[in-house]
Amino acid sequence: NYIKVSRSMKELAYKINQLKDNMLKERGEEPGIEQLAEALLVEKEEIVFAMESAREVESIYNTVSRTNGDELLLIDRIQSKEDSSNEIVQHVTVEQLLNRLPEKEKKIIELRYYEDKTQAQIGELLGISQVQVSRIEKRILKWMRQELEG
């Protein structure tokens, strides 16, 4: 599927590029859209449309980078961003579940999974046995799984 760009739009894009180059050489800075529109006697929207129509189309299968002979395609980068978005949503959901727990249970999960404490260390800190910590942790994780699965 292709979009046909009119000849007049292609010509305007060419004029814009020429004018941008000339103004950059003369002034040392690239002109803004308003300056281009004034100089070419067209609406700002036409400038933007012409510039966008002249851009090269990107394929989602274009190579973005190469590392040790492996190619990373644009689609791979898009998918990894979606994956990290899912991780953020899951993290927020877990945080919300933790906030619904009684303080002692919340503390056990925080110590165990955020501070990498052993069950024995947690038991010592909270004045309960390692076995009690284990039972409480299992019960909390089961509840959290049920809540996440709906």
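The minimum heavy-atom distance between Lys117 and Arg112, with the atom names listed, is O-NH1, 3.2 Å. Between Lys107 and Leu126, the closest heavy-atom pair is CG-CD2, 4.2 Å. The nearest pair of heavy atoms linking Ala13 to Ala50 is CB-O, 3.6 Å. Contact detail for Leu101 and Trp143: the closest heavy-atom pair is CD2-CZ3, 3.7 Å. Looking at every heavy atom in both residues, Leu98 comes nearest to Met144 through CD2-CE, 4.2 Å. Taking each heavy atom of Leu24 and Glu30 in turn, the nearest pair found is CD1-N, 3.6 Å.
By the 6.0 Å contact criterion, OH on Tyr14 is open, its count of non-hydrogen atoms from other residues, nucleotides or ligands being 12 or less. Counting non-hydrogen atoms of other residues, nucleotides and ligands closer than 6.0 Å to CD of Glu124 gives a total of 12 or fewer. Atom CD of Glu43 is surrounded by 12 or fewer heavy atoms from other residues, nucleotides or ligands within 6.0 Å. Dense packing is recorded around CD of Gln18, with more than 12 heavy atoms of other residues, nucleotides or ligands lying under 6.0 Å away. Open room surrounds CZ on Arg135; 12 or fewer heavy atoms of other groups in view lie less than 6.0 Å from it.
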Q) Stepwise, does the side chain to side chain contact (heavy atoms under 4.5 Å, CB included) test hold for Leu141 with Tyr113? A) CA-CA 11 Å; Leu141 294 178; Tyr113 294 95; 3.2 Å; yes

Q.
The test is side chain to side chain contact (heavy atoms under 4.5 Å, CB included); show your working for Val48 and Lys44 and say whether it passes.
A. CA-CA 6 Å; Val48 172; Lys44 291 183 282 188; 5.6 Å; no

Q: Give the intermediate values and the outcome of side chain to side chain contact (heavy atoms under 4.5 Å, CB included) for residues Glu147 and Lys142.
A: CA-CA 9 Å; Glu147 290 294 310; Lys142 180 180 177 186; over 6 Å; no

Q: Give the C-alpha distance, both sets of side-chain angles, the deciding distance and a yes or no for side chain to side chain contact (heavy atoms under 4.5 Å, CB included) between Lys20 and Lys15.
A: CA-CA 8 Å; Lys20 282 171 67 175; Lys15 288 177 185 175; over 6 Å; no

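Counting only heavy atoms from C-beta outward, the side chains of Ser134 and Glu137 never approach each other to under 4.5 Å. Counting heavy atoms from C-beta on, the side chains of Arg139 and Glu105 come closer than 4.5 Å.
Note that CD1 of Ile140 is 11.5 Å distant from CG of Leu97, once rounded to the nearest 0.5 Å. Rounded to the nearest 0.5 Å, atoms CG (Leu36) and CE (Met51) are 6.5 Å apart. Taking CD of Gln119 as the reference point, atom OG of Ser129 lies at 10.0 Å (rounded to 0.5 Å). Here the CE atom belonging to Met9 is positioned 14.0 Å from the CZ atom belonging to Arg7, to the nearest 0.5 angstrom.
Screening Asp21, Ile47, Ile33 for a side-chain contact (heavy atoms from CB on, under 4.5 Å) involving Ile16 leaves a single residue, Ile47. Just one residue in the list Thr118, Ile128, Leu125 forms a side-chain contact (heavy atoms from CB on, under 4.5 Å) with Val133, and that residue is Ile128.
With hydrogens and angles disregarded, a donor-acceptor distance shorter than 3.5 Å links the side chain of Gln35 to the backbone of Gly32.
At a threshold of 4.5 Å between side-chain heavy atoms, the hydrophobic network of Ile, Leu, Val, Met, Phe, Trp and Tyr places Val131 and Ile136 in two separate groups.
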